[in-house]
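Single-structure report; data block below.
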There are 2 protein chains.
Amino acid sequence: MPPIREMLAETGITEQQWRVLRVLAEYGPQNSSTLASRASLLFPSLTRIARTMQQKGLITLSRDDEDRRRQTIAITSLGQQIIDEKVDQAAQIVEGFRQKLGAEKYEALLDTLALLDPNNSEG
Amino acid sequence: MPPIREMLAETGITEQQWRVLRVLAEYGPQNSSTLASRASLLFPSLTRIARTMQQKGLITLSRDDEDRRRQTIAITSLGQQIIDEKVDQAAQIVEGFRQKLGAEKYEALLDTLALLDPNNSEG
DNA sequence: CGCTATTAATTAACATGTGAATTAATTATT
DNA sequence: AATAATTAATTCACATGTTAATTAATAGCG
């Protein structure tokens, strides 16, 4: 999504990092595999992205005491700040896209993509 | 397309390299920018891919004598051989995909993607 | 003709995609 | 309990995506 990238350019984060923040903001703290699936990222990609985002202070990583293989990832206030600053503009961009394509085609596209999404139960 | 990648695994080429071969086989020799657009690749990506494929003997690169900035890219017999060996199986995979999704949704998807493709005049 | 602007392609730097190998912790089996 | 199998995550190696800077050749213009 070029317009989303353009919006994010001034924040210094990528589309994928934006997706990570959005998922964390929506679902709360969660382990890596859940987050990877929800953000449509492969595990090795998430590993790298998480390290970067931790260094930027956007998220925190912590070991799960129940199962020390597992890692819990959470958004920081700095990360939440980016969400808060950009969420309206992002919604506007999506709405503009929907208008340009037409509501019908847009909904049909989302449905079909959901069917094809391997991270979605409907697949 | 995971099944396409799986099919290509034994040939040692990637999906993008497969697209390059297909475009060259369909349209014949052409310059880099035309090829990049038809194969849905960014120019810097094509530069790297072309170098790799030349080293593998799949394509040839030659300077245009009219305009020495331009480069003409053509498929070799080795490249054509890969196309010939795999084109039927690829068609089968696409047909299987179409069946699984349903003809109607499949056609609607292609139409919408064509509308959204910036390399397509309809965009 | 000489200079500037434009264009085709490459290079650079960093981020992600992808599949395979590896590590560390937990679970299952006997 | 000891060992094997499984699971969560990381690491590796290579390929592509993405934007900006750079290079080389051509076109335009005074």
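Per chain, numbering begins at 1; letters A, B, ... match sequence-line order. Computation of the quantities below employed the complete heavy-atom set of this structure, encompassing side-chain atoms and omitting hydrogens, waters and symmetry-equivalent molecules.
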For this session: Between B/Gln71 and A/Leu42, name the one whose nearest nucleotide on DNA chain C is closer to the 5' end.
Result: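 So the residue in question is B/Gln71.
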
Exercise. Which residue lies toward the 5' end of DNA chain C, A/Asp67 or A/Leu41, if each is placed at its nearest nucleotide?
Worked result: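 The residue whose closest nucleotide sits nearer the 5' end is A/Leu41.
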
Calculate the interatomic distance between [X] atom [atom1] and [N] atom [atom2]; express it in whole Å.
X       : N      : atom1 : atom2 : value
B/Glu10 : C/dG19 : CD    : P     : 15 Å
B/Asp64 : D/dA24 : CG    : C1'   : 15 Å
A/Trp18 : C/dA15 : CH2   : C1'   : 19 Å
B/Ile49 : C/dT18 : CD1   : P     : 14 Å
B/Glu6  : C/dG17 : CD    : C1'   : 18 Å
A/Glu66 : C/dT27 : CD    : C1'   : 15 Å
A/Ile13 : D/dT18 : CD1   : P     : 16 Å
B/Arg68 : C/dT10 : CZ    : C1'   : 16 Å

Tell me whether the side-chain N/O atoms of [X] come closer than 4.0 Å to OP1 or OP2 in [N].
X       : N      : answer
B/Arg48 : C/dA12 : no
A/Arg70 : D/dA8  : yes
A/Gln16 : D/dG17 : no
A/Ser45 : C/dT16 : no
B/Ser33 : C/dA9  : yes
B/Thr52 : D/dA15 : no
B/Arg51 : C/dT11 : yes

Exercise. What distance do B/Ile82 atom CD1 and B/Gln80 atom CD have between them, rounded to the nearest 0.5 Å?
Worked result: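 B/Ile82 atom CD1 to B/Gln80 atom CD measures 10.5 Å (nearest 0.5 Å).
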
Problem set entry | Residue whose nearest DNA chain D nucleotide is more 5′ - A/Phe43 or B/Gln17 |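 Final value for this comparison: A/Phe43.
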
Result block: side-chain N/O donor-acceptor pairs under 3.5 angstrom for residues 50-60 of chain B, not counting sequence neighbours:
residue : atom : partner : partner atom : Å
B/Thr52 : OG1  : B/Arg48 : O            : 3.2
B/Lys56 : NZ   : B/Gly12 : O            : 3.0
B/Lys56 : NZ   : B/Gln17 : OE1          : 3.2

For this session: For the residue pair B/Glu26 and B/Arg38, establish whether any side-chain heavy-atom pair is separated by less than 4.5 Å.
Result: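 The answer is no; the side chains never approach within 4.5 Å.
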
Exercise. How about B/Asp111 and B/Leu115: do any of their side-chain heavy atoms sit closer than 4.5 Å?
Worked result: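 Side chain of B/Asp111 against side chain of B/Leu115, heavy atoms only: no contact under 4.5 Å found.
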
Exercise. Can you name the nearest heavy-atom pair linking B/Thr11 to B/Lys86, along with the distance?
Worked result: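 Shortest heavy-atom separation between B/Thr11 and B/Lys86 comes out as CG2-CE, 3.6 Å.
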
For this session: Give the minimum heavy-atom separation between B/Asp117 and B/Ser40, together with the two atoms involved.
Result: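 Nearest pair, atom of B/Asp117 first, then B/Ser40: OD2-OG, 4.3 Å.
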
Exercise. Looking at C/dA15, D/dT7, C/dA20, which one has an atom nearest to any side-chain atom of A/Arg69?
Worked result: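 The answer is D/dT7.
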
Exercise. Just checking B/Leu46: base, sugar-phosphate only, or nothing, at a heavy-atom cut-off of under 4.0 Å?
Worked result: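 Answer is nothing: B/Leu46 stays at 4.0 Å or more from every strand.
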
Exercise. When all nucleic acid strands are considered with a 4.0 Å heavy-atom cut-off, which category describes A/Arg5: base, sugar-phosphate, or nothing?
Worked result: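 If one applies the 4.0 Å heavy-atom cut-off, A/Arg5 turns out to touch the sugar-phosphate alone, with no base involved.
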
